[in-house]
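Order of the sequence lines sets the chain letters (A, B, ...), proteins ahead of strands, with each chain counted from 1.
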Amino acid sequence: MNGLSIRGLTRSFPGQGRAAPTLALQPTDLDVRPGEFVSILGPSGCGKSTMLRIVAGLDRPTTGSIHWNGQSVTRPGRERGMVFQSYTLFPWLTVEQNIEFGPRERGASAAEARDIAATFIARTGLRGFERHWPRQLSGGMQQRTALARALANDPEILLLDEPFGALDHQTRELMQELLLEVWGADRPEQRKTVLFVTHDIDEAVFLANRVLVMSARPGRIKTELSVPLSYPRDWMVKTSPEFAAMKARLMSDIREEVRRAALG
Amino acid sequence: MLRGLRQNGCRNQSGGESLEPLKPISPLARVALGIAFFVVFLGTWAWVTGSGLVQPLFLASPLRALSAGWSLFAEYNFIGDIGMTVWRVLGGFLIAAAIAVPLGLLMGAYKGIEAFFEPFISFARYLPASAFIPLLILWAGVGEAQKLAVIILGSVFQIVIMVAVIAGGTRMDLVEAAYTLGSRGRGILRRVIIPAAAPQVMEALRLVLGWAWTYVIVAELIGAQSGIGHMIMDSQRLLDTGQMIFGIVVIGVIGLVTDYLFKSLNRRLFRWTAL
Ligand SMILES: Nc1ncnc2c1ncn2[C@@H]1O[C@H](COP(=O)(O)OP(=O)(O)O)[C@@H](O)[C@H]1O
Ligand SMILES: [Mg+2]
């Protein structure tokens with residue numbers, strides 16, 4: 001079976017000292033078709049990062065199974081690329097060298113890696129910043145580089161954990177359009193599969209084919225909605241009635257969960 | 001008039017503010033204050049010795065120390081002693097680093113290796129290197145091997161522990177990012193842990209090199225035929241406090257210079273840390 005398949009996934013973290021263990025995820029099932037863009041919304045602490053990290057292979061489930069393209073996921077692999085909310089560029093490498101990291105790691109020659117990096121530098125609008133160190137870049141530029149670094153490795157699925165969460169509103173909107181572009185909004189046959197975690201409803205709807213809402217901790221998938229908007233999309237769709245209707249629906253769902261999360 | 005007054009007022013105010021905690025001062029003021037201390041120090045020294053408060057037998061005047069230094073270079077081949085000492089420090093230090101840095105990196109990266117070595121090394125680093133000198137003389141005689149051994153013994157465990165802590169503290173999010181980019185075990189060590197640790201490892205080496213200077217002098221005070229420590233020992237026999245003081249000052253100056261060279265090397269190697 002192609003795509004992502006999650007069955008009965010749970011994760012509980014052992015408690016500190018005598019504290020009871022924390023159940024982060026309740027039994028969760030999820031299927032994602034190849035080329036699909038799925039947004040995951042949920043109050044903070046509901047287990048979104050935990051789920052993504054398990055798909056990436058950075059964490060192990062307590063029970064349940066995850067398969068990517070029929071292969072059981074037990075450890076990280078370059079076919080599952082990730083961009084984190086925190087800035088995780090290697091500070092000792094320049095922008096260009098950061099993007100070359102994946103290709104070099106799989107044995108590409110220096111020239112090949114430079115070619116690949118040049119492609120993604122162009123595609124993510126990083127021209128002129130090749131020789132900059134990460135610390136010299138704004139947050140938006142750092143996340144562009146992180147996205148380019150993940151894409152340069154040619155992953156089959158992209159796992160994005162609130163990648164734009166720390167950016168200001170304007171930069172964020174630009175990054176959303178950039179992401180749709182590199183995802184292949186206008187090239188359906190080349191699209192990568194994307195799991196995109198966010199707590200911004202506009203962002204979730206604007207980007208995805210499908211939006212999932214997770215309940216307060218312990219997380220489970222509470223609502224699942226298809227987005228009735230066609231690609232390519234530009235920012236104007238945010239003013240359409242379909243968009244507003246989706247947003248209203250999601251907002252009431254999420255408010256309920258946020259309230260439950262806040263009450264403990 | 002009024003403007004002048006107000007400016008004056010401002011200056012007074014900022015003068016007061018320079019005593020506020022953590023407030024930076026101008027580079028010029030920094031240099032001037034640094035030099036001022038040396039002036040006060042030398043002045044006090046000259047006064048204490050010049051006024052007869054302290055007998056020249058116990059403490060030579062600054063001028064006496066300087067002229068003793070001159071005769072050391074001119075008549076006693078002091079350059080040879082300095083060369084000998086520098087070579088011992090660098091030799092012992094480099095051998096220690098060549099053993100300790102790889103071991104420390106492995107310990108930081110692999111918890112099993114750490115569990116194996118850490119308890120012993122934590123114990124060994126409290127063994128005073130100088131207390132081993134009599135034993136080392138018994139084993140290795142009073143030749144160069146013994147001198148190097150003192151320095152190695154004094155440095156190697158310190159470096160291992162510091163490097164292990166630095167490597168063990170590698171940012172986990174960077175390690176995870178590398179995993180998602182396809183890195184595996186050795187690649188993580190080579191392409192994340194080592195480059196991430198490198199600047200701090202070099203800083204640790206700089207620190208230990210400073211300590212190595214104190215070990216070499218101790219090693220040369222006992223059973224040596226050359227070196228700055230040996231010269232100081234000889235001067236004691238001749239009751240020449242001028243030469244002794246000059247020798248001590250030379251050690252300080254060489255330490256300062258190597259420290260500076262080390263620092264500028266680190267700045268050149270790791271430009272990204274300075275951003
Ligand atoms: N390594 C861990 N150890 C213990 N508890 C954890 C760990 N990681 C996450 N948790 C807990 O699991 C829950 C879900 O966390 P997370 O997946 O980060 O939530 P989200 O990303 O939705 O904000 C939280 O209550 C968090 O405290
Ligand atoms: Mg999270």
Side-chain angles (χ1 to χ4, degrees), chain A residues 49 52-53 55-59 73-95 97-108 113 131-137 142 145-161 163, chain B residues 97 101-102 104-106 108-112 162-206 262-275:
Chain A
S49 296
L52 225 58
R53 289 171 54 80
V55 175
L58 294 173
D59 193 7
V73 168
T74 55
R75 60 179 175 189
R78 68 175 201 83
E79 74 284 359
R80 282 163 285 125
M82 187 148 177
V83 177
F84 303 82
Q85 176 178 5
S86 66
Y87 300 127
T88 58
L89 296 180
F90 304 115
W92 56 89
L93 299 179
T94 61
V95 165
Q97 292 167 332
N98 262 284
I99 299 172
E100 289 171 355
F101 188 96
R104 293 294 279 169
E105 196 65 16
R106 65 168 192 265
R131 299 283 147 78
H132 282 56
W133 303 102
R135 294 212 179 124
Q136 295 172 305
L137 301 179
Q142 291 199 43
T145 311
L147 187 61
R149 181 176 70 174
L151 288 168
N153 224 5
D154 196 21
E156 296 159 358
I157 179 169
L158 266 181
L159 307 167
L160 308 177
D161 190 359
Chain B
V101 171
L105 288 171
L106 287 175
Y110 299 104
K111 296 304 148 197
M162 283 196 273
V163 172
V165 169
I166 292 165
T170 308
R171 274 172 59 190
M172 205 51 206
D173 56 345
L174 297 184
V175 172
E176 292 188 334
Y179 272 123
T180 65
L181 291 166
S183 290
R184 291 273 171 78
R186 289 262 296 282
I188 297 283
L189 179 64
R190 198 166 55 84
R191 301 194 59 201
V192 183
I193 295 179
I194 291 176
Q200 283 167 278
V201 166
M202 288 293 277
E203 276 300 298
L205 290 179
R206 186 171 71 85
F262 221 120
K263 259 189 196 154
S264 49
L265 175 71
N266 286 358
R267 261 202 305 274
R268 294 236 340 238
L269 282 177
F270 309 114
R271 274 193 304 134
W272 58 272
T273 57
L275 301 171

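- Atom CG of A:Leu58 and atom CG of B:Asp173 lie 11.0 Å apart (nearest 0.5 Å).
- Using a 4.5 Å cut-off on side-chain heavy atoms (C-beta onward), A:Trp133 and B:Arg271 make contact.
- The residue among A:Arg78, A:Arg104, A:Glu105 with the most heavy atom pairs within less than 4.5 Å of chain B is A:Glu105.
- If you measure heavy-atom distances from A:Arg80 to chain B, the contacts under 4.5 Å come from the backbone alone.
- Residues B:Glu176 and A:Met82 are not in side-chain contact: their nearest non-hydrogen atoms beyond the backbone lie 4.5 Å or more apart.
- With a 4.5 Å cut-off on non-hydrogen atoms, A:Phe101 touches chain B through its backbone and its side chain both.
- Of the two parts of A:Ala150, only the backbone, made up of N, CA, C and O, holds a non-hydrogen atom closer than 4.5 Å to a non-hydrogen atom of chain B.
- Taking the side chain as every heavy atom from C-beta outward, A:Pro91 and B:Leu174 approach each other to under 4.5 Å.
- Only the side chain of A:Ser86 has a heavy atom closer than 4.5 Å to any heavy atom of chain B.
- Distance OG1/A:Thr94 to CH2/B:Trp272: 13.0 Å, rounded to 0.5 Å.
- The backbone N or O of B:Leu181 lies less than 3.5 Å from a partner atom in the side chain of A:Asn153, making a donor-acceptor pair.
- Contact count versus chain A (heavy atoms, under 4.5 Å) is highest, among B:Ala198, B:Gly187, B:Ser183, for B:Ser183.
- Both the backbone and the side chain of B:Arg184 have a heavy atom closer than 4.5 Å to some heavy atom of chain A.
- Shortest non-hydrogen contact noted between B:Val192 and A:Phe90 is CG2-CE2, 4.2 Å.
- Smallest separation of non-hydrogen atoms from B:Arg191 and A:Trp92: O-CZ2, 3.4 Å.
- Residue contact with chain B, scored on non-hydrogen atoms closer than 4.5 Å, involves the backbone and the side chain of A:Arg149 alike.
- Heavy-atom distances place the backbone of A:Leu89, and not its side chain, under 4.5 Å from chain B.
- Within a 6.0 Å radius of NZ in B:Lys111, other residues, nucleotides and ligands contribute more than 12 heavy atoms.
- In this structure, the portion of A:Arg75 lying under 4.5 Å from any heavy atom of chain B is its side chain and not its backbone.
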